[in-house]
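Notes for the one structure printed next.
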Amino acid sequence: MVHRPGLRSHEAGSVTEADVDAEVTVVGWVQRRRDHGGIAFLDVRDGSGVVQVVADPDEHPGVGDLKMEYCIRVEGVVRLRPTGTENPDLPTGMVEIGAGEIEVLAPAKTLPFMIDDRSEVDELTRLRYRYLDLRRPKMAENLRARSKATSAIRRTLDDLGFLEVETPTLVNSTPEGARDMLVPSRLRQGEFYALPQSPQLFKQLLMVSGVERYFQIARCYRDEDFRADRQLEFTQLDLEGAFWDRDDVLATIEEVLMAVARDIRGVDVELPFKRITWQEAMDRYGSDKPDIRFGMEIVDLSDAVAGSEFGVFAGAIESGGTVRGINAGSQDWPRSRADNMTERAKELGAKGLVWMVVEDDGQLRSPVAKFLSAQEQSEIKGLLGGQPGDVLLISADTWKTAVTVLGGLRLDLGRPSGHDELAFLWVVDFPLFEEEDDGSITFSHHPFTSPASLDEMRENPEQALSKAYDVVLNGVELGSGSIRIHDPDVQRQVFEILGIDAETANRRFGWFLEALEYGTPPHGGFAFGIDRLVMILQGEASIREVIPFPKTQTGLDPMTEAPTWVDDTQLRELGIDLTADSKLRRDGADAGEES
RNA sequence: GGGAGCGUAGAACAGUCUGGAGUGUUCGCCGGCCUGUCAAGCCGGAGGUCGCGGGUUCAAAUCCCGUCGUUCCCGCCA
């Protein structure tokens, strides 16, 4: 099947010197009009690029009416631009089209904002007119990149013999993990579906079903607060393989990610990706998703200050905590900056922050210097490699808080702003469980993750490792996976450790436990966020830039104004009553719209 | 749930700290001129509920309180 040209003979961006003297028809939007009175230039843009059309106003008296973003069709003859007027910045810059016939296919209203990459427009306005925003070259390129990503994923997995299988998007709600997006049932009043947070259990069922290699480009939903890299709905590559162990999963994901990076960036990522254990990631970078594009690693200073007279240091160590530091390098360090960093440290959970500046003479300038012996100061400086001008930041706290705080400050102070470099990283050997604030135990990945060792899980669950792994790109968690539990008895034990008693487990997951009873192959898989991946590959700071129609931080689509109120008839069918407060606001909003 | 920033013409901003007539810049829009531009240029013009409500004041875009919207962050996100 060939590409059908439709109304055009040539794509605007593909007209070249080879087409000189050819009669061509191009269609597209008027990017710019430069009207010199006796001659007028039109930049005509379609999906492929821009070509210059030259019109004589005597022959085309209407050319002056062609405003920006008018949709037009131009017939004409391709010719070389006169010497000296070529535009080397444009792929079509050697040629132009001498206009024969110009037809307005559709006029355009005055634009709410300029369709170019130069103007920075408020995001609310962009989203209200997203269809215009998507015409901007950068956004059009982001759409294409996204398509390339899914295409590379499908091609790679198809080659590897994977089956693309769709799983339901109306599923059971589960109270664990993220808040579910709920959908009320009409046929079963009072009951609710949930939109899936991931196809987790269905893909495991597919392993039981004999689908040995499954994938799906799956829309997933989590009803949690927004961030620059979080929306209510997002798209994941979800995959699973039977008779697999960890390295089979990692190698497959590496193949996929390499293919996507190659298709979008044109670079070959080095395989295999680096690997780091969770413990090492936390110790060195204070994060389970380290950005390894820069150093500024966390250093353990506990031994150097164990006997210190400085109560903050000594106290932390005596109570089982630790003292850690980073060398933030050469920084301007006025009092205000120091205060800001201290505030930030507190925001990240610290009680305070010790800062030191290495002076030209090697002395440490710090509010706490007077509490530290010369030897302690010297050891701190030595361990952190402090050179004159360097700022040293030290946190004394529990291990978790100390490394997390320094990890956060490290990102604030050292993280590269762009995404030119692609630093993929596997984080492996995650803990199986983690402790909640109330002391209870919860899973760190999800409750279907296989423990690394059954004995360890039973005897020492707090320390037990899991067969879970994350892939990280430039400090962003792209996704995670694990080898799953395929033995129903092990699964029941994990539920029990999590405080889910047998009766509850059977009620909620009995159907799944039963499925595991029928010869379930060992299996494992992975899921990564396509939005986040494309965001980084495109050098964007927010996933909204690579999602065609995203929502604002309060879950609003400014264009369609979703979500909207529904009337009582609809609610009655669903057996749902609004609270008095919601009703008031709804009826107030309705009245407001009518007036 | 909490913290911070922002909200002034169709767009992006300056003006707000230190109150004094809606004062200004760039782009767009309207009209005119212009035969080689490519973010064309030149001349002229229109366009404002300073988010909204309240307060202080002789006087509020500016100060105070509240509220709405938006962005970023903390919590949250298996």
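Heavy atoms only: backbone and side chains are in, while hydrogens, waters and symmetry mates are out. By convention in this document, chain letters (A, B, ...) are assigned in the order of the sequence lines, proteins followed by strands, and residues within each chain are numbered from 1. Only a predicted model underlies this, so the values are computations on that prediction, with no experimental measurement involved.
The side chain of A/Gln52 has B/rU37 as its nearest neighbour among B/rC74, B/rU37, B/rU71. Out of B/rC74, B/rC38, B/rG28, the shortest distance to the side chain of A/Met114 is found at B/rG28. Closest to the side chain of A/Asn87, out of B/rA11, B/rC76, B/rC38, is B/rC38. With B/rG75, B/rA12, B/rG69 as the choices, the nucleotide that has an atom nearest any side-chain atom of A/Leu124 turns out to be B/rG69. Of the candidates B/rC38, B/rC34, B/rC72, B/rC38 carries the atom nearest the A/Arg34 side chain, counting heavy atoms from C-beta on. The side chain of A/Thr110 sits closest to B/rG28 out of B/rG28, B/rA12, B/rG75. Listed candidates were B/rG28, B/rU71, B/rU35. Nearest to the side chain of A/Met68 is B/rG28.
Within 4.0 Å of A/Asp35, counting heavy atoms only, lies at least one base atom of the nucleic acid. Residue-level contact check: A/Thr552 touches the backbone only, with heavy atoms under 4.0 Å from sugar-phosphate atoms and none from bases.
For the pair A/Arg126 CZ and B/rG10 P, the interatomic distance rounds to 20 Å; values are reported in whole Å. One can place CD1 of A/Ile115 at 21 Å from P of B/rC38, the figure rounded to the nearest angstrom. Going from atom CZ of A/Phe528 over to atom P of B/rC77 covers 24 Å, rounded to whole Å. Distance, A/Lys351 NZ to B/rC74 P: 19 Å, rounded to whole Å. Rounded to whole Å, the distance from CD on A/Glu120 to P on B/rC27 is 17 Å.
Of the side-chain N and O atoms in A/Thr554, one or more sit less than 4.0 angstrom from OP1 or OP2 of B/rU70. Here A/Lys67 reaches the OP1 or OP2 of B/rC30: one of its side-chain N or O atoms lies under 4.0 Å away. Distances shown here put a side-chain N or O of A/Arg544 below 4.0 Å from the OP1 or OP2 atom of B/rC72. Within the 4.0 Å cut-off from OP1 or OP2 of B/rC72, at least one side-chain nitrogen or oxygen of A/Gln553 is found. Residue A/Arg32 places at least one side-chain N or O under 4.0 Å from the OP1 or OP2 atom of B/rA40. Taking 4.0 angstrom as the limit, A/Arg227 places a side-chain polar atom (N or O) nearer than this to OP1 or OP2 of B/rC74.
A/Glu123 pairs with exactly one of A/Arg128, A/Gln553, A/Arg544 by the side-chain contact (heavy atoms from CB on, under 4.5 Å) rule, that one being A/Arg544. Each of A/Ile483, A/Thr449, A/Val427 was checked for a side-chain contact (heavy atoms from CB on, under 4.5 Å) with A/Tyr469, and the lone residue meeting it is A/Ile483. For the side-chain hydrogen bond (donor to acceptor under 3.5 Å, both in side chains) with A/Gln538, the lone residue among A/His419, A/Glu545, A/Glu141 that qualifies is A/Glu141.
Across the interface with RNA chain B, nearest-nucleotide mapping of A/Gly93 and A/Lys551 shows A/Gly93 to be the residue nearer the 5′ end.
Contact check on A/Arg508 versus A/Glu176 returns a salt bridge, with a Lys/Arg side-chain nitrogen under 4.0 Å from an Asp/Glu carboxylate oxygen.
A/Arg410 forms a cation-pi arrangement with A/Phe294, by the criterion of a distance under 6.0 Å to the ring centre and an angle within 45° of the ring axis.
As the counterpart of B/rC63, B/rG55 is assigned, both hydrogen-bonding distances of the Watson-Crick or G-U wobble pattern falling under 3.5 Å. The nucleotide B/rC50 finds no pairing partner, because no Watson-Crick or G-U wobble arrangement with both distances shorter than 3.5 Å includes it.
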